Amino acid sequence: MGIYLAELHWVSFVSSQVLKKLARRQMMYHSYAMQVHGYVTPSKAMEEGDSPLVLVHGYHGSYSLRHWLQLSDWLPTLEATLALDEEQVRRVGDDSVGGPAVTRQLRLIRILMRDLLIGVNYLHSHGMAHTELRLENVHVSPVDKHVKVGILGNAVDFHDNDPSNSAVASNNERRKMMIAFDMRCVGFIMAKMVLRELMDSSTFQKFKSFLNKGNDPSCLREFLVPILSQNSPSGNIGLQMLDRHWGAGWNLLALLLATKSDKRISCVDALRHPFLCGPKWRISPTVNVVRWGLGSTAVRLAEDYIYGHHQRRRLAYFIELMEVLNPNSSTENWLRLLPGRWCLLYCTGRHIGLTLRQPTPRVLISDAFLTFAEAPESVDPILSLTSDIGFKIMPESDWPHDKSGTEGNLSVTTSARITPGRIYTNAEDGKESSSRITSSRYLGGKWGKAAKMKELPASLPTASVNVDEDDVDVSMSCGSTLNVKSARNVLQEVRTQTPPEMFDLSKIVCGTYIDSRLMVLRGVNGSALLFVRSNRTSDP
């Protein structure tokens with residue numbers, strides 16, 4: 001919250017000197033716009049930031065983007081207003097019009113976002129920050145079919161030196177903060193254009209509250225999917241757009257809304273992002289984008305819950321490739337990122353369910369969480385480790401159709417010390433089965449080429465998890481009264497259906513991958529456990 005207040009502090013003033021310069025530069029903008037005809041070519045737009053936009057105090061004769069998005073038939077209306085044809089869509093690397101609703105909307109989002117970013121980049125490159133970017137200030141011109149950004153009196157010239165402090169370092173910091181604030185506003189505009197549910201003030205307030213609490217924007221998908229899918233049983237179009245191309249939309253949104261201002265993406269880099277580039281443009285993704293795509297693909301595969309042999313092989317492959325590309329291999333990074341609540345998404349080990357068995361009682365596992373917390377008054381890097389497994393005891397007679405029942409929870413708590421370790425990529429190098437990965441397919445296929453790996457390293461750094469086996473607390477609670485035998489049967493069934501590492505935490509050997517949203521742990525039997533960071537959707 002303090003970061004955003006600091007940004008507002010930088011951009012909340014207007015001086016008469018700035019307003020005078022706005023008037024002078026207004027003539028420059030009109031002159032510039034008269035020189036631009038047609039659309040901007042991709043290379044010119046990305047490299048120079050040239051813009052076909054006219055930047056004025058208020059654009060008359062057109063509706064704001066908010067107005068267009070609130071229309072019931074906004075998609076065909078905007079397509080007609082922009083007069084989309086094959087010549088127009090080439091501006092975003094596409095060569096066709098029409099198609100499914102998701103494709104049409106994604107094409108339109110690309111056109112609007114690229115125009116907006118090109119205009120904002122032109123503003124920044126000429127020493128100004130808008131500071132008031134929102135849907136009400138963005139217009140679609142029916143004349144030249146381009147986005148127009150209205151400049152209000154709160155625009156700031158960051159080339160001006162503060163009379164009270166003319167230090168160059170201070171002025172550069174002010175410039176970075178104002179540009180970062182503009183990029184955050186662009187992120188909000190993109191979120192509302194793609195996820196139209198955010199046009200509702202109450203839903204958007206939940207969205208902003210999630211960010212203002214300091215949650216990492218890379219976890220937005222896990223936060224928004226339960227909220228936006230409630231009234232969309234057949235699938236939310238906005239979520240489908242962001243999930244396309246290996247989750248590239250979520251990646252761009254996270255970069256625009258990054259908590260730390262110095263981590264936010266620039267206009268030029270955003271124009272090169274795969275989400276805003278059509279299929280006809282060849283984009284060389286960065287290693288960070290490749291890593292994000294791997295994680296997003298693994299998450300989507302795990303969510304499909306169709307664990308045939310082919311799907312399990314693909315998931316194991318993606319998880320192992322993530323381990324090779326781990327960006328935070330040092331122990332310090334693990335200690336920084338580990339604290340929090342992680343939800344178990346998938347395990348490469350054996351899966352045992354209810355379908356082919358007749359256990360008594362019938363127990364359905366809901367969610368399994370692993371929580372790391374800093375141990376109080378601890379000098380050594382020791383963390384408190386808690387496993388929480390939620391379950392439901394269902395009626396035995398009609399459990400395939402009736403999933404109601406008594407809810408319960410199994411909790412295991414201990415402590416663990418995090419130390420440096422290594423994992424081997426060849427079977428003959430590892431002394432134990434738990435300290436090696438065996439995939440030899442890294443260098444083949446598009447993922448290996450995208451990661452630009454020439455050879456597989458002999459070993460990889462990990463974070464060893466040393467659990468204190470002498471200090472373990474196990475408890476189980478249930479909504480109904482159970483006798484000793486029934487409680488023992490429920491406990492046995494919960495243990496049967498969950499990975500052994502979630503009950504016996506000493507079986508967790510090491511961590512092989514971690515970032516702000518995903519984590520991979522390895523068990524003593526070599527199984528990999530994929531976790532996604534969990535952020536509670538409701539306020540305490």
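Bear in mind the structure is a predicted one, so any value in this text is a computation, not a measurement.
For the pair W342 (side chain) and L338 (backbone), a donor-acceptor distance under 3.5 Å is present. Counting only distance, with no hydrogens or angles, the side chain of R110 and the backbone of F275 share a donor-acceptor pair below 3.5 Å. Within the 3.5 Å criterion, the main-chain N or O of R422 finds a donor-acceptor partner in the side chain of T462. Within the 3.5 Å criterion, the main-chain N or O of C219 finds no donor-acceptor partner in the side chain of D216. Side-chain atoms of T297 come within 3.5 Å of backbone atoms of G293 as a donor-acceptor pair (strictly under, hydrogens ignored).
No side-chain heavy atom of L521 sits less than 4.5 Å from a side-chain heavy atom of T512. A 4.5 Å side-chain heavy-atom check between F372 and L370 finds at least one atom pair inside the cut-off.
Between E501 and R522 no salt bridge is recorded (no basic side-chain N to carboxylate O distance below 4.0 Å). Under the 4.0 Å criterion applied to side-chain N and carboxylate O atoms, R134 and E132 are assigned as salt-bridge partners.
In R495, the CZ atom is not crowded: 12 or fewer heavy atoms of neighbouring residues, nucleotides or ligands sit closer than 6.0 Å.
Counting only N and O atoms by type, the side chains of S411 and D388 include a donor and acceptor under 3.5 Å apart. Side chains of R517 and S296: a donor-acceptor N/O pair is present below 3.5 angstrom, by distance only. Side chains of S415 and D471: no donor on one and acceptor on the other come within 3.5 Å.
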* To do: For side chain to side chain contact (heavy atoms under 4.5 Å, CB included), just list the numbers for S516 and S218, CA-CA rounded to whole Å, side-chain angles, deciding distance to a tenth of an Å, and then say yes or no.
  => CA-CA 7 Å; S516 56; S218 63; 2.6 Å; yes
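Considering only residues two or more places apart in sequence or on other chains, R221 meets the salt bridge (Lys or Arg N to Asp or Glu O under 4.0 Å) condition with D243, E303.
Taking the six-membered ring for Trp and the full ring otherwise, the centers of F369 and F531 sit at least 6.0 Å from each other.
Between F188 and F204, the ring planes lie perpendicular to each other; the angle is over 60°, past the 30° to 60° tilted range.
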